[in-house]
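Structure first, then comments.
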Amino acid sequence: MHDRPTSESGDAAESRASGAVGDPRPRAVLSGVLAGIALFTLAGIRFAGFDPAAVGMGRNTTAVNVESYNGTRVYGPPLPDVIAALCESARALRGAGNEVALWLGASQLHGLNKMKKGDRLAVHYANERAAGRGAALRYLQVSFGNANFHELLAVYLAFRRRGFTPDRAVLAFTYDDLREPGVRPDVAALLKAADAAAWAGLGPGGEQLRAEVESNPDDRAGSAPVERNAASGTPQERVEAGLSQTLEARWPGFRHRDRVRAGLKSTFTTWFVRTFLRRSLRPVLIPARMQSWNMAAFRSLAGALEQDGVRTLIYQAPHRPGENPFYHDRAAYDAFFVDLEAFCRREGIAFADLEGIVPAEYWGYDNTGLPDAFHFQVEGHRRLARAVDAALDDLGEP
Amino acid sequence: MLFNSWTYLLFLGLVVGLYWALPRRYRISLIVLASLGFYAMWRWEFCLLVVFSAVVDFVCSGRIAGSSTARNRKRWLLASLVINLGLLAFFKYTYFAYDNIRSLGTALRIHLPAHESWALKIILPLGISFYTFQTISYTIDVYRGVIKPIDRFPTFLAYVMFWPQLVAGPILRCGEVVPELLARRRFRIDDFAIGVQRIVQGLFKKVVLADSLAPMVDYWFEQSQAGLTAIDVWVACFLFGFQIYFDFAGYSDIAIGSARLLGIRFPENFDWPYLARSPRDFWKRWHISLSAWIRDYLYVPLTGRRYQVSSRDGIAVAARGRVGYRQAWALMLTWCIMGLWHGAAWTFVVWGLYHGSLVLAYRLTPWLRRLPERFPRLGWLVMLAAVMLGWLPFRAHSLSQACHWLLKVINPLEYSLSPWVTGLSVRIAGYSYLAAAVLTVAMPLWHKLRQVGRRTPADSPFPADVLHAAVLTAMVFAVILCMQAKQQFIYFQF
């Protein structure tokens, strides 16, 4: 059996005297606490001038949640109220005599690097361009981080459930997202209680999606609501805010604690990445079963679009040119898109290779200070919008 | 008031300073006022509830002691129990009971409105489960003749409301607290140092360790079960096991340390629980005061055994010997209530029954009973896995999630690395695996290092003082860096 248990403080249970074996002595405690405070103060002074943005840390890439064009909402994440709002937008746009193109993809569509006031997303610029060339075509977008094809299929089916099918569809194809598994609960919730007709004729990808949706735990029954944050809206919250302000005013180390955190994180991250990963925190390793799982969903989505008579454009998403740390096997990446293009040709789907349309100077850092290979600055959004709208223009009238 | 806040540190400094500055006769009043202020920093109106509960038990226990007949004594005891448990049931279990009635009604095609539509909004008072059990223990101890009733209400109120243990324990007996509150004592630098060290240690466990694990745990439990592998489930269970341990043990450290600053000694509430080699051993190490309370006020009355008079040793000292029918059902009922005490949800009941079943299984199965002695390391591994898996229903959003995840664990085909990890899709997934592995290995190593440290000779080149100071320096640095008064303690919601 184990030794007679001793407490975590080191107090032996039978000893009632202070200073039992294992207890720290007052001078150790005092020096430890004072040294900790001093060390923190020194760290605050050391990192007082640390600018996270200079090493690419901080909010380099901003995720935009809402985008409009001429007062009409044209973009949002995959939430029921957003889908409903975009259906309303679609009705209004059609009422004005426009065709509607639904643009689906991942965070490249709503992530803005080095965002400034007035910067807009590609969907806004695409609408601008279409209007500028006199086309009766408007774009709506749903995008969310690392969206895989099961999730994009779910979004499309969610629109279908609400009685909306677009005239055209634009699908962003990001090679990296082929490794993404699962359907996040918010997206699965879009299709909860969908009837059998919603799943009909979708093929293996649709069946997999249905299995995911129906297995998603959304039942929280039996949990009694408990006020979960014991400080929110309480007198303590107000006192704490006042104390923090006072500490910031009088204690330099405390004032710069965010910079200390950022500085330490930057130091550790850089060391860790350079030592163990050498190039990137996200090298592309696509497990074969994930790729085939996602491709099954892609085929189901392509089939559903064809079934609904939607003219579709698939494009190979832009990537940061030049130093390209993301592909261990560039040959596999290229071969994949050759195959994809061949598939699109066979199925009568338009395909556009947009990999290199955004020059290097319009990319930046991600929020951990590493080169961002996916999210460009506003000029990248303009160029993407131009390329996509031009490609749809080339498709011609139905 | 949250312990992990600058407000609490300021409050503590002021109260401790006043405590030692004031004459002894004012100390009880100071404790009462400080405790009221501590609780009022959350919601002042609920102070009235705690005071009411204290008044009820003060009056009832006085009447019990003053009654000449057993019948009267029992009446007053029942009055106290009904009022206290009635309040607890109202605030904590009304929604739960109603939701279950509503579910039954739905099955019978009787449609009842959801409780969200009620005009009455019930807010769970902080610490109600803890202080209710504490006052009940007092009344029952008076009834049993273990203690005499306290004759001064301020002293009793100080015992009930003593702020370090008011909202999340330890659940202490009157005989453990009141003599400490009333003792003549002078300021001792050793007690003060130990108190400071415990507080720093507790804050480190909470704001650095537990709060760092929280996002990882939240991430896994929000995933759809279809995308998870059995290893993901184990990782999530281990991470939550460590999160709740650091969170709750951290709170207990701060509570014990805060009391120690006043020279008041609390018994320990945790004793390296994840080093346990059997269920009995685990319940001697985890939330010891609750385990002891359940032993003396629930399990023992059900089995007719002799009760203890301290909040030490947990339920294990009673759960031994031959297991007859009475002991078995008492065990399961006890753990069912233990689970329900933690929360108004069937997931907590399942957690309780799971642990009851573990205890029963070890008692009824000879080879399991001998496993910790004959194969200590294997016994430890088996117990660690069992305890960590037990956290699954505790943390799951629903029974169905718990069941789905459990099915993965018992299916050998589900044992593969997560696609999130192999594809390095989500950074948090990879960090989760790493964190679970590091913590599991580090825990017994740290325990070993502490034992070695305690045996270090006085003339060692690395005297204990230097090590203590170095560790405290690092902890203080990390605590200041990470402390934000936003993340409440998990046990606040029980």
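A quick note: this is a predicted structure, and the numbers were derived from the prediction, not measured. Order of the sequence lines sets the chain letters (A, B, ...), proteins ahead of strands, with each chain counted from 1.
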Option in A/Ser244, A/Gly253, A/Gly32 with maximal non-hydrogen atom pairs under 4.5 Å from chain B: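 Option with the top pair count is A/Gly32.
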When you measure from the centre of the six-membered ring of A/Phe254, is the NZ or CZ of A/Arg257 under 6.0 Å away and within 45° of the axis?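 Yes, a cation-pi geometry holds between A/Arg257 and A/Phe254.
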Check salt bridge (Lys or Arg N to Asp or Glu O under 4.0 Å) between A/Arg25 and all other residues, then give those that pass, not counting sequence neighbours.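 With sequence neighbours excluded, A/Arg25 shows a salt bridge (Lys or Arg N to Asp or Glu O under 4.0 Å) to B/Asp465, given in chain and number order.
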With sequence neighbours left out, write down each residue that passes salt bridge (Lys or Arg N to Asp or Glu O under 4.0 Å) with B/Arg370, or none if nothing qualifies.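 Per chain and number, B/Arg370 pairs via salt bridge (Lys or Arg N to Asp or Glu O under 4.0 Å) with no residue.
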A/Leu34, part contacting chain B, at a heavy-atom distance under 4.5 Å: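 The answer is neither part of A/Leu34.
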Counting only non-hydrogen atoms closer than 4.5 Å, does [X] touch chain A with its backbone (N, CA, C, O), its side chain (CB onward), both, or neither?
| X | value |
| --- | --- |
| B/Leu417 | backbone |
| B/Ser252 | neither |
| B/Ala40 | backbone |

Shorter than 4.5 Å, heavy atoms on both sides: which option in B/Leu10, B/Val476, B/Thr7 has the most such pairs with chain A?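 Among B/Leu10, B/Val476, B/Thr7, the one with the most close pairs to chain A is B/Thr7.
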Pairwise side-chain contact, A/Leu178 with A/Met290, heavy-atom cut-off 4.5 Å (strictly under):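 When only atoms from C-beta onward are counted, A/Met290 and A/Leu178 do not touch, as no gap falls below 4.5 Å.
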How about residues 35-45 of chain A versus chain B: which residues have heavy atoms under 4.5 Å apart?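 Result: A/Ala35, A/Gly36, A/Ile37, A/Leu39, A/Phe40, A/Ala43.
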Among all residues two or more places apart in sequence or in another chain, which pass the side-chain hydrogen bond (donor to acceptor under 3.5 Å, both in side chains) test with A/Arg46?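 Applying side-chain hydrogen bond (donor to acceptor under 3.5 Å, both in side chains) to A/Arg46 gives none.
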